[in-house]
Amino acid sequence: KEVSQKLHLDFLGVESDSPRCAQKGVYHTREELNGAIKFYFLDTRYFQSEEKGSKNGLLGKEQWLWLENEMAESTAKINIFITPIGMRNKGIF
């Protein structure tokens with residue numbers, strides 16, 4: 001997991017001193033249009049096998065806490081969540 005995360009962040013050009021390099025998982029946010037739109041890029045793979053069946057589901061405790069904090073502090077009018085899990089794969093569509 002750690003090697004895959006490092007390769008992913010290197011590919012995206014994330015600086016090695018970024019907090020994203022120190023956390024477990026590759027989740028982050030990005031704001032557009034002066035904060036009117038906020039994108040939440042979630043990592044639903046990193047914690048999946050470790051916490052299967054837990055109340056924290058696919059995100060893990062650390063990422064859930066981060067997400068709750070990000071949403072509480074957000075002033076965005078539109079919030080968009082991005083995950084690597086396709087809806088068709090989960091039988092939703």
Side-chain angles (χ1 to χ4, degrees):
K1 291 180 183 182
E2 291 80 14
V3 172
S4 293
Q5 178 173 337
K6 181 175 178 354
L7 291 171
H8 180 87
L9 295 172
D10 288 347
F11 176 78
L12 294 176
V14 176
E15 298 292 329
S16 61
D17 61 347
S18 168
R20 290 173 61 190
C21 294
Q23 71 188 24
K24 292 181 179 182
V26 292
Y27 53 91
H28 67 284
T29 60
R30 188 174 94 201
E31 294 182 348
E32 296 292 333
L33 300 174
N34 295 320
I37 301 173
K38 188 166 187 175
F39 293 89
Y40 299 82
F41 294 86
L42 304 177
D43 187 342
T44 57
R45 296 178 181 171
Y46 192 92
F47 299 98
Q48 188 173 15
S49 63
E50 291 179 14
E51 300 187 18
K52 191 171 185 174
S54 78
K55 67 177 185 147
N56 295 315
L58 297 175
L59 299 184
K61 185 176 181 179
E62 183 178 328
Q63 188 175 183
W64 265 118
L65 293 173
W66 164 84
L67 180 59
E68 289 173 354
N69 186 55
E70 286 288 326
M71 292 177 68
E73 293 179 359
S74 178
T75 58
K77 295 180 189 242
I78 299 171
N79 295 282
I80 300 173
F81 298 85
I82 296 102
T83 74
I85 296 176
M87 299 301 256
R88 284 201 172 118
N89 294 340
K90 297 298 175 189
I92 295 171
F93 293 105

Between [X] and [Y], is there shared hydrophobic-cluster membership here, with clusters defined by ILVMFWY side-chain heavy atoms closer than 4.5 Å?
X   : Y   : result
I78 : L33 : yes
W64 : Y27 : yes
I37 : F41 : yes

Practice problem: Would you check if L12 and R20 make a side-chain contact, meaning some heavy-atom pair closer than 4.5 Å? | Solution: yes
Quiz item: Hey, does L59 have a side-chain heavy atom less than 4.5 Å from the side chain of T44?
Solution: yes
[X] side chain to [Y] backbone, donor-acceptor under 3.5 Å:
X   : Y   : answer
K77 : A36 : no
E15 : D17 : no
E70 : H28 : no
Q63 : D43 : yes
E31 : K38 : no

Self-check item: OG1-CD1 distance between T29 and I80, expressed to the nearest 0.5 angstrom
Solution: 13.0 Å
Exercise. Could you tell me the separation between the NZ atom of K1 and the CD atom of Q5, rounded to the nearest 0.5 Å?
Key: 10.5 Å
Exercise. Compare every heavy atom of C21 with every heavy atom of S16, then report the nearest pair and how far apart it is.
Key: O-CB, 3.7 Å
Quiz item: Of all heavy-atom pairs between E62 and K24, which one has the smallest distance, and what is that distance?
Solution: OE2-N, 3.9 Å
Practice problem: State which residues pass side-chain contact (heavy atoms from CB on, under 4.5 Å) with S4; sequence neighbours excluded, sorted by chain then number. | Solution: none
Quiz prompt | For L7, all residues meeting side-chain contact (heavy atoms from CB on, under 4.5 Å), sequence neighbours excluded | solution = V3
Quiz item: Near N34 CG, under 6.0 Å, is it more than 12 heavy atoms from other residues, nucleotides or ligands?
Solution: no
Quiz item: Is the number of heavy atoms from other residues, nucleotides or ligands under 6.0 Å of E68 CD greater than 12?
Solution: yes
Exercise. Tell me, please, which residues at least two apart from F81 pass ring pair (Phe, Tyr, Trp, His ring centres under 6.0 Å).
Key: Y40
Exercise. Apply the test side chain to side chain contact (heavy atoms under 4.5 Å, CB included) to residues N79 and M71: give CA-CA distance (whole Å), side-chain angles for both, the deciding distance (0.1 Å), then the verdict.
Key: CA-CA 9 Å; N79 295 282; M71 292 177 68; 5.8 Å; no
